[in-house]
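Here is the structure we will look at, set down as structure tokens.
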Amino acid sequence: MAQTDTISTNDFIREIIDEDLKAGKNSGRVATRFPPEPNGYIHIGHAKSICLNFGIAAQYGGTCNLRFDDTDPSGESLEYVESIIDNIRWLGFDWKERQFFASDYFERLYQFALQLIKDGKAYVCDLSADETREYRGTFTEPGKESPYRNRSVDENLDLFERMRAGEFPDGSHVLRAKIDMASPNIVMRDPVIYRIKRGEHYRMGNKWVIYPMYDFAHCLSDALEGITHSICTLEFENNRPLYDWILDQLLEGDRPRQIEFARLNISYTVLSKRVLIELVTKGYVKGWDDPRMPTVAGMRRRGYPPEAIREFCAQIAVAKNDNLIDVALLEHCVREELNEKAPRAMAVLSPLKVIIDNYPEDKTEEFECANHPQNPAMGARTLPFSRELYIEREDFQEDPPGKYKRLAPGREVRLRSSYVIKYESMVKDDKTGEIIELHCTYDPDTRDAAPADGRKIKGVIHWLSARHCVPAEVRLYDRLFGVPNPAAGEEEFTSYLNPESLETLNTCFVEPALKNASPGSRYQFERLGYFCADAKESTPDGRPVFNRVVALRDAWGKIAEKGKA
RNA sequence: UGGGGCGUCGUCAAGCGGUAAGACACAGGAUUUUGAUUCCUGCAUCCGGAGGUUCGAAUCCUCCCGCCCCAACCA
């Protein structure tokens with residue numbers, strides 16, 4: 001199962017849990033939760049949290065709830081709820097029937113708020129948002145108490161009930177916890193716990209006009225669900241005293257404990273939800289599942305296997321250091337998984353016609369070709385061979401640089417799973433000088449054997465029979481986003497956009513069997529990279545579309561690069 | 001600036017007083033009908049800095065330096 005393969009062996013969170021267990025807390029139970037707000041699609045940063053929470057639950061024989069933290073009606077929607085459910089399942093995790101919504105707790109949360117008021121620990125405040133900010137003070141100066149801070153319990157009760165009844169306009173009143181306006185921790189300076197906010201809630205409709213704030217709703221939701229360890233990101237560390245304060249006022253006995261870890265950052269990748277939302281709504285990408293997006297849906301469509309994402313989450317481990325993970329690690333995890341699982345297939349992205357002069361015009365042979373060079377269990381398929389072929393344009397060089405081992409004037413090269421061919425001549429376009437076709441001869445004795453005379457053939461290239469192959473469209477997605485460099489004035493997300501992030505190749509060919517590649521199936525196109533049949537699109541004329549998942553490691557690229565330098 | 005958190009290889013990250021794991025990246029080499037894969041090899045005398053305690057410190061103490069978070073009626 002996916003649930004247990006994602007646990008790093010040495011994380012500080014486990015130490016805390018082990019301590020709690022040893023101390024006999026929570027009667028030996030471990031219960032975690034993944035609490036997304038349904039205001040966008042989840043991305044790989046969420047995947048880290050998902051693997052962590054579900055992983056810990058599995059490891060301790062505990063449970064992990066899925067809870068939608070839907071306490072702010074603006075921006076939340078059912079579409080997001082559905083996408084989140086779909087994406088977590090795809091990642092390989094199962095929360096059984098334990099699916100909850102903070103909005104289902106609104107009535108109970110309201111009762112908790114009433115209790116706080118009755119105990120003299122919360123009050124209705126009439127200050128405007130601006131005034132509230134002024135009264136809050138600064139980092140160095142304490143805040144001032146609100147003039148409404150000492151209203152009577154009865155008045156507060158009356159006002160809060162009328163807030164709920166919709167008697168007041170948005171922003172005119174809030175409910176605040178009465179804590180300490182002089183606290184050095186600004187979170188504790190009488191935080192707002194309820195606000196009036198009209199606008200339809202995607203689940204509750206217009207039933208409520210007051211909504212609890214995160215700090216009030218989250219800790220109580222955790223408690224209501226019997227969560228033992230509430231794992232969140234580092235920016236909530238300042239909120240932990242408030243988390244504890246609220247529970248202290250209202251509950252007795254075992255209580256959930258908040259633990260923070262560092263959120264994920266990946267080089268060249270934007271994981272800001274705000275920016276991702278903007279990219280989608282302003283049309284910079286085709287949608288949340290655009291293969292360039294770092295969302296789970298985007299990575300899925302691009303062809304990242306869920307196993308690779310889980311492996312990545314296990315590799316990066318969990319700690320409290322700020323981090324910037326090299327995107328190469330993610331790509332490594334994808335290659336590692338795909339190298340083992342993806343069948344090999346022949347494809348030519350930029351075709352160059354090759355005519356085998358000494359091969360009969362109407363002859364066709366069928367060559368057996370292993371689907372995986374190291375795994376015979378994956379079987380084989382037959383590839384048709386004929387007089388006219390396509391090879392990759394890059395696999396012929398008229399004037400080859402040193403160390404180049406593919407086709408060139410006077411040279412021989414092996415066609416993978418087929419014959420050794422020898423260059424004879426080329427045909428160029430008179431006007432442009434572009435190479436139109438190559439003429440070669442084949443050595444009939446080299447079909448499944450090395451040349452009899454013992455000469456070494458260094459290069460092996462991929463090929464396709466021109467008569468048999470099928471046209472396709474290939475999309476080469478590169479890393480879409482660059483890390484913004486504030487020093488260079490890069491603050492606007494549009495400046496992250498890489499204009500070369502999507503290259504569509506229209507004159508590609510793939511082997512016949514891939515004409516009807518099943519959506520989402522992944523292949524290694526020999527020497528080119530890993531590709532995934534797009535699950536959503538094909539071209540108007542019915543050609544299959546393949547997304548490049550990730551390129552192969554490229555030793556020649558490095559050699560060529562060095563040659564330049 | 002007050003409070004909170006964090007500083008171990010280019011990037012992550014173990015380490016919890018006994019003399020610096022591992023992964024990615026990188027660099028060499030071997031095998032290879034994918035310049036892929038696989039396989040070897042190398043890669044922190046040093047743990048933000050300076051003092052101190054100790055037979056012995058990345059680990060304990062002191063001071064200093066740097067980075068991140070908090071002044072939404074967002075989460």
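So that the names make sense, note that chain A is the first sequence line, chain B the second, and so on, each numbered from 1. Note that the coordinates shown come from a computational prediction; the quantities given were computed from them, not determined experimentally.
When each of A:Thr446, A:Leu407, A:Ile421, A:Val420 is paired with A:Glu412, the side chain to side chain contact (heavy atoms under 4.5 Å, CB included) condition holds for A:Val420 and for no other.
Taking only side-chain nitrogens and oxygens, A:Arg553 never comes nearer than 4.0 Å to OP1 or OP2 of B:G35. Contact annotation: A:Lys197 reaches the phosphate of B:C74 (side-chain N/O to OP1 or OP2, under 4.0 Å). Side-chain nitrogen and oxygen atoms of A:His462 include none within less than 4.0 Å of the OP1 or OP2 phosphate oxygen of B:U34. In this structure, A:Arg344 does not reach the B:U37 phosphate: none of its side-chain N or O atoms is under 4.0 Å from OP1 or OP2. For A:Arg335, no side-chain nitrogen or oxygen approaches OP1 or OP2 of B:C24 to under 4.0 Å. Checking the phosphate oxygens (OP1, OP2) of B:C26, a side-chain nitrogen or oxygen of A:Lys558 falls inside 4.0 Å. Regarding contacts with the backbone of B:C12, every side-chain N or O of A:Lys48 stays at 4.0 angstrom or more from both OP1 and OP2. Contact annotation: A:Ser418 does not reach the phosphate of B:U33 (side-chain N/O to OP1 or OP2, under 4.0 Å). Note on A:Asn339: every side-chain N or O is 4.0 Å or more away from OP1 and OP2 of B:U37. An OP1 or OP2 oxygen of B:A13 is reached within less than 4.0 angstrom by a side-chain nitrogen or oxygen of A:Asn321. In this model, the phosphate group of B:A75 is approached by a side-chain N or O of A:Arg195 to a distance below 4.0 Å at OP1 or OP2. Contact annotation: A:Arg176 does not reach the phosphate of B:C73 (side-chain N/O to OP1 or OP2, under 4.0 Å).
When side chains are defined from C-beta on, A:Val460 counts as touching A:Arg414, because their heavy atoms get closer than 4.5 Å. Proximity of A:Thr441 to A:Tyr423: side-chain heavy atoms (C-beta onward) are nowhere separated by under 4.5 Å.
Taking atom P on both nucleotides, B:G22 is separated from B:U45 by 16 Å, rounded to a whole Å. Rounded to whole Å, the separation between the P atoms of B:A30 and B:C16 comes to 40 Å. When the C1' atom is used for both B:A57 and B:G66, the distance is 23 Å, rounded to whole Å. Straight-line distance between the C1' atoms of B:U31 and B:U37: roughly 11 Å, to the nearest whole Å. The gap from the C1' atom of B:G51 to that of B:U11 amounts to 32 Å, rounded to the nearest Å.
For A:Ile559 and B:G29, the CD1 to C1' distance is 14 Å, given to the nearest whole Å. Atom CG of A:Asn238 and atom C1' of B:C6 are 13 Å apart (whole Å). Rounded to whole Å, atom C1' of B:A36 lies 14 Å from atom CD of A:Glu336. In this structure, A:Phe139 atom CZ and B:C69 atom P are separated by 11 Å, rounded to whole Å. Rounded to whole angstrom, the span from the CG atom of A:Asp72 across to the C1' atom of B:A75 amounts to 8 Å.
When distances run from any side-chain atom of A:Thr140 to the nucleotides B:U1, B:C69, B:U33, the shortest one goes to B:U1. Side chain of A:Glu235, nearest nucleotide from B:G3, B:C69, B:U34: B:C69.
Between A:Glu134 and A:Lys144 there is no salt bridge, since none of the side-chain N atoms of the basic residue sits less than 4.0 Å from a carboxylate O of the acidic one.
Here the CG-CG distance, from A:Asp126 to A:Leu159, works out to 6.0 Å after rounding to the nearest 0.5 Å.
If you check B:C63 for Watson-Crick or wobble pairing at under 3.5 angstrom, you find it paired to B:G49.
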